[in-house]
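Both backbone and side-chain heavy atoms feed into the values below; hydrogens, waters and symmetry mates do not. In what follows, chains are A, B, ... by sequence order, proteins preceding strands, each numbered from 1.
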2 protein chains.
Amino acid sequence: MLSKKTKYGLKALAFLASQNDRKPVQIAEIARHENISQKFLESILLNLRKTGLLGSKKGKGGGYYLIKEPKEILMTDVMRILEGPIAMVPCVSLNFYEKCDDCPDENACAVHKLMLQVRDSALAIYRNNTLADLIK
Amino acid sequence: MLSKKTKYGLKALAFLASQNDRKPVQIAEIARHENISQKFLESILLNLRKTGLLGSKKGKGGGYYLIKEPKEILMTDVMRILEGPIAMVPCVSLNFYEKCDDCPDENACAVHKLMLQVRDSALAIYRNNTLADLIK
DNA sequence: TTATAAATCTATTAAATCAATAGGTTATAT
DNA sequence: ATATAACCTATTGATTTAATAGATTTATAA
């Protein structure tokens, strides 16, 4: 299941991408437009700024804005920032690899074999989509 | 992330599938061989029996066994029983569909558009794999 | 028919994660 | 100066996960 954090983060990014210009948009406006709890969205946007996807401006006329153009923003990056590993099991993760302590041999593991395929297919989708693709 | 329940369930099924015959295998033996807490595994196997994937026999010489041949057991069915919906969001789920209450128009939703693709690709993998494929 | 083996059932719990809320602080534009 | 809006820290309630404990039922073998 996708966490609400990820869902809201994606919606916020898509909303920012759909703006005509890259002028700052207030949290309140995003929250209202996407039906998201404003306080919850605050922490999500802050996270997206700290990880380099968004810029922000304080004070009057402030808000959040995309740093790069939507077509330059890959969904692999977005998903890893918001949701974490794309793999469903750490032992098949590219960026968050961890060995299973219960599993003596990965290559003989049925779970490993299946989840490797699932990861590859998900990865193909995320690599094939930019933020721009999601708003047309 | 895959739950431990699903991971253990898959491992148990694979272990049963790898047996020479379809004679009952005790919980204890499966748990030992796959490094799984026996008590936890008990409830998982019970669930797999109640949903029609496994048969069981009580008393001495009892245990669990596959009802169908491994090559007849699709991973779509297994995953839906163990993990639940294959989709990451209810609004793109085939078997567990639910409308998002925050989303006025699914077709205009960026999350929906992306998750639909992810679901399709995962589904293709699960449909293309039987239990037999995972143990060779 | 008795003892034993093994699944079944019910209940409880500890820990972790998620989603959200509250309230104060800092920076910026007018 | 004042208002605005992002930033930061902490806390909470709810839910889910993973596991444990212990008693019960059923089947087998002696």
Derivation and outcome, side chain to side chain donor-acceptor pair (under 3.5 Å), residues A:S3 and A:E83 | CA-CA 7 Å; A:S3 67; A:E83 187 75 1; 3.1 Å; yes
Who are the side-chain contact (heavy atoms from CB on, under 4.5 Å) partners of A:I125, not counting sequence neighbours?
-> A:N129, B:L114, B:Q117, B:V118, B:S121
Enumerate the residues from residues 31-56 of chain B whose closest heavy atom to DNA chain D is under 4.0 Å, giving them by residue number; use none for an empty result.
-> B:S37, B:K39, B:F40
What parts of residues 75-101 of chain B reach DNA chain D, counting only heavy atoms under 4.0 Å away?
-> none
Do [X] and [Y] have side-chain heavy atoms sitting under 4.5 Å apart?
{"X": "B:I36", "Y": "A:D102", "result": "no"}
{"X": "A:V111", "Y": "B:L2", "result": "yes"}
{"X": "A:M1", "Y": "B:V89", "result": "no"}
{"X": "A:I67", "Y": "A:L53", "result": "no"}

How long is the line joining [atom1] of [X] and [atom2] of [N], in whole Å?
{"X": "B:L2", "N": "D:dT16", "atom1": "CG", "atom2": "C1'", "answer": "15 Å"}
{"X": "B:I27", "N": "C:dA5", "atom1": "CD1", "atom2": "P", "answer": "15 Å"}
{"X": "A:I30", "N": "D:dA5", "atom1": "CD1", "atom2": "P", "answer": "13 Å"}
{"X": "B:K23", "N": "C:dA7", "atom1": "NZ", "atom2": "C1'", "answer": "19 Å"}
{"X": "B:Q26", "N": "C:dT4", "atom1": "CD", "atom2": "P", "answer": "17 Å"}
{"X": "A:D102", "N": "D:dA18", "atom1": "CG", "atom2": "C1'", "answer": "14 Å"}

With sequence neighbours left out, the residues meeting side-chain hydrogen bond (donor to acceptor under 3.5 Å, both in side chains) with B:N128 are none
Sole residue of B:I73, B:V78, B:I135, B:I30 in side chain to side chain contact (heavy atoms under 4.5 Å, CB included) with B:L13 | B:V78
Does A:K99 NZ have over 12 foreign heavy atoms under 6.0 Å away?
-> yes
Pairs under 3.5 angstrom, nitrogen or oxygen only, protein versus nucleotides 25-30 of chain D, please.
{"unit_1": "D:dT26", "atom_1": "O4'", "unit_2": "B:K58", "atom_2": "NZ", "d": "3.3"}
{"unit_1": "D:dT28", "atom_1": "OP1", "unit_2": "B:K57", "atom_2": "NZ", "d": "3.0"}

Respond yes when some side-chain nitrogen or oxygen of A:Y8 is under 4.0 Å from OP1 or OP2 of C:dA20, and no when none is.
-> yes
B:R119 (side chain) donor-acceptor with B:V92 (main chain) under 3.5 angstrom | yes
Pairs meeting criterion ring-ring contact (aromatic ring centres under 6.0 Å, His included) with involvement of residues 5-39 of chain B, two or more places apart = B:Y8-B:F40, B:F15-B:H33
